[in-house]
Amino acid sequence: MLSRVAESIYWMSRYVERAENVARFISVNLNLSMDLASEGHQQWLPLVTTTGDDKLFYEHYDAPTKRNVLQFLTFDRNNPNSILSSLVGARECARSIREVISAEMWEHINNFYLMVKDVGGADGVSEEQLVFYEQIRASGQHFIGITDATMTHGEGWHFGQFGRFMERADKTSRILDVKYYILLPSPQHVGSPFDELQWSALLRSASAFEMYRQRYGRIIPANIVSFLVLDRAFPRAILHCLSKANDSLHAISGSDPESFSNLPEQRLGQLRASLAFTSADDIINRGMHEFVDDMQRRVNAVGLALSNTFFAREADVA
Amino acid sequence: MQQQTSMEQINGVSEYDVGDFYDEMFAHDSSPRDNCNLLYKRVIGLTSLDLQRRKLAAERSMVRLGITFNVYGDEEGTERIIPFDILPRIINADEWQWVTDGLKQRIAALNLFIGDIYSDQKILKDRAIPEHVVRSAASFRPQCVGLKPPKGIWCHITGTDLVRDQEGKFYVLEDNLRCPSGVSYVLQNRQLMKQAFPDLFESLSVRPIDDYCGKLLDALNYLAEDRTDTPTVGVLTPGVYNSAYFEHSFLAQQMGVDLVEGRDLVVQDKKVYMRTTKGLARIDVLYRRIDDDFIDPKVFREDSLLGVPGLIEAYEAGNIALANAPGTGIADDKVVYAYVPEMIKYYLGEDPILSNVPTFVCWDEKQRDHVLKNLDKFVVKPANESGGYGMLIGPRSTREEQAKFADLIKANPRNYIAQPTLSLSRAPVIIEDHLEGRHVDLRPFIIYGRDVFVLPGGLTRVALKKGSLVVNSSQGGGSKDTWVVEELP
């Protein structure tokens with residue numbers, strides 16, 4: 001497979017996952033803000049923090065109002081992580097590899113992009129905004145389904161899987177980082193409906209609410225950490241994502257899953273092992289923020305190693 | 001209940017103005033031509049609303065499927081569809097046979113000519129055409145002298161432009177031997193037409209065109225058959241921002257081969273490799289859609305970032321086949337074009353089946369004087385431009401424009417030709433709720449592989465602006481599907 005093509009599949013997949021995640025964050029926060037209206041509690045800045053773009057936001061907007069944050073995260077082309085920017089990126093990648101992906105995949109991405117672009121062109125989001133973000137989430141999930149059902153599960157597909165799961169692991173860790181403070185008990189809210197709302201909002205940001213209930217029932221901070229970080233079967237849990245990404249890396253190289261044959265496999269294997277042998281209490285005692293920081297640094301290092309190993313243009317070794 | 005107006009009421013036989021032109025669908029008395037009868041009945045049976053709905057549905061699918069071309073110098077929203085008219089242009093099978101024979105003859109002669117020019121130059125030594133005409137052509141590539149393309153084929157893919165005059169006679173306007181585009185639209189238009197008029201296909205027995213990509217792949221594989229049984233073929237594109245990118249991607253996809261860019265390729269030991277996730281992988285044949293000038297910075301333009309350094313050296317060594325071969329542009333020079341009838345006589349000993357548009361070459365003093373005296377009647381074209389740029393259309397020009405061209409011609413006579421203004425044929429297109437005649441041309445596609453294959457039909461391009469003669473998509477042209485149908489008994 002051409003290196004450029006593999007790289008485009010990887011990024012196409014990441015961008016779609018990114019757009020879907022941002023839409024879900026927004027959707028959850030829109031719901032939350034309606035429920036908390038009586039509290040006079042409008043929290044929009046944490047959404048920007050979740051994508052790590054505070055600095056950029058303040059370069060273009062003066063205050064984190066609902067309108068500004070929605071514009072920044074959804075349509076703003078100055079924000080490389082906005083939903084529209086992600087879809088432009090995904091579509092550009094898809095367009096450069098149309099001969100490799102299935103016709104349905106291309107058609108879906110093209111329509112996905114046109115849908116968001118058209119709404120953006122019509123003066124941003126309106127009263128039906130919830131429906132709009134649900135549509136984006138659904139379109140992202142459709143793309144995963146179409147990819148799974150129409151593209152040969154070969155090398156290219158595995159690059160896509162790898163990209164998707166690395167992006168997802170990153171996003172789940174960011175949710176924890178930003179929202180973790182609400183899991184800490186505050187005297188006035190313990191046991192109140194407000195508390196319950198916040199906790200379930202956090203779980204919903206990772207589409208984890210129902211699955212968490214099935215697994216643990218009551219909402220307890222340590223269990224939430226355990227579920228979102230260490231669960232082996234929940235598809236948005238960090239450990240699960242890293243395992244899936246690891247499977248795809250080994251499928252690409254054909255090497256023994258218990259060993260490694262290149263740098264990205266080595267780094268990812270080490271990261272996965274360190275998570276697999278840790279506990280929620282370890283993480284909490286060490287400090288959530290420190291954990292997430294370390295996590296993201298190591299996820300980036302795996303991505304860099306992947307790029308150098310498979311995409312680098314200097315690698316002229318026959 | 002109010003009934004919707006049908007096309008017949010709005011635009012019956014008497015309403016459509018054939019004008020003083022050859023019309024592709026109607027005879028001079030405005031009755032439909034024999035082979036267009038069924039189409040005509042079908043169309044007038046539809047309400048104008050219905051017809052517009054079908055047209056819109058077709059255009060919407062083009063956006064949805066991303067059947068687009070890029071407009072240069074624009075930013076986002078740069079992809080446009082080529083406006084598509086859903087009334088097909090119909091050509092009789094026996095007339096098509098004659099066109100096919102003419103194209104095959106022409107391609108055979110042109111291929112021999114290019115090979116001759118880059119080797120012995122016999123045609124120049126025998127003075128069948130003037131030597132200085134070839135030597136002075138901007139598209140003559142001295143770097144190509146001595147090249148020996150596999151199987152002796154230079155022009156593997158050609159997209160000849162044909163036009164009809166007032167009498168309905170076909171002429172060759174341009175040969176387009178470099179990187180002609182448009183075939184992807186032909187193939188996609190046909191798919192859209194099958195949705196718009198499924199029943200007509202069955203009753204008219206329209207010649208199918210689906211085997212184009214298969215034929216193309218065969219022709220490309222053929223070029224490497226002496227070296228390997230399992231050649232690796234690729235389509236070489238300048239990239240996603242090229243105006244014909246959709247076509248490059250479409251052809252690669254349909255043939256199931258890699259679509260590569262210059263940066264994906266590397267030359268080592270005069271062999272060409274692709275950069276893959278598993279290291280370098282050898283490639284044997286390139287259908288290149290990058291112009292000669294940009295294909296190898298070591299041989300042609302040094303500043304090209306699109307090309308592959310060392311590609312021509314690998315080609316000379318016989319390690320990579322290129323389609324089309326470098327150098328074919330020499331026959332696209334409009335002054336050289338004027339001598340194609342001489343080439344056919346010289347190489348094949350035959351009379352040309354398809355005529356050239358009568359062409360005056362301005363390097364010749366007598367012809368130049370004639371042109372200069374009659375600038376208001378001629379179309380004047382520079383020898384080495386395409387896309388309809390840099391022309392003077394005499395009958396529609398001002399005195400100042402004529403004076404400007406007179407100076408241009410006198411300053412550089414070699415660079416100009418003149419042709420009488422042709423009254424191009426027209427075809428009816430849907431304009432809002434009725435039909436109007438618009439000028440059309442025809443670009444058939446020819447593949448030169450083990451033998452020569454002419455795709456039945458081709459791209460009918462339409463000048464959508466009323467009265468306009470310019471069919472280029474970059475200047476507001478549209479397209480129609482072209483149907484070759486058997487003569488009805």
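Worth knowing before you read on, the calculation uses all heavy atoms, side chains too, and leaves out hydrogens, waters and symmetry mates. Lettering of chains follows the sequences in order, A, B, ..., and the numbering in each one begins at 1.
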Under 4.5 Å to a heavy atom of chain B? For A/L2 that would be both
Between B/F250 and chain A, with a heavy-atom cut-off of 4.5 Å, which part of the residue counts as in contact: side chain, backbone, both or neither?
neither
Applying salt bridge (Lys or Arg N to Asp or Glu O under 4.0 Å), can you list everything that pairs with A/R267, at least two apart in sequence or on another chain?
none
Contact origin within B/E261 toward chain A - heavy atom pairs under 4.5 Å:
both
Identify which part of B/V260 has an atom lying under 4.5 Å from any heavy atom of chain A, answering side chain, backbone, both or neither.
both
Under 6.0 Å between ring centres, would you say that holds for B/F453 and B/Y448?
no
State plainly whether the residues B/D264 and B/R275 are in salt-bridge range, i.e. N to O under 4.0 Å.
no
Residue set satisfying side-chain contact (heavy atoms from CB on, under 4.5 Å) with B/V183, at least two apart, ordered chain then number -> B/Y212, B/E247, B/L251, B/F445, B/L455
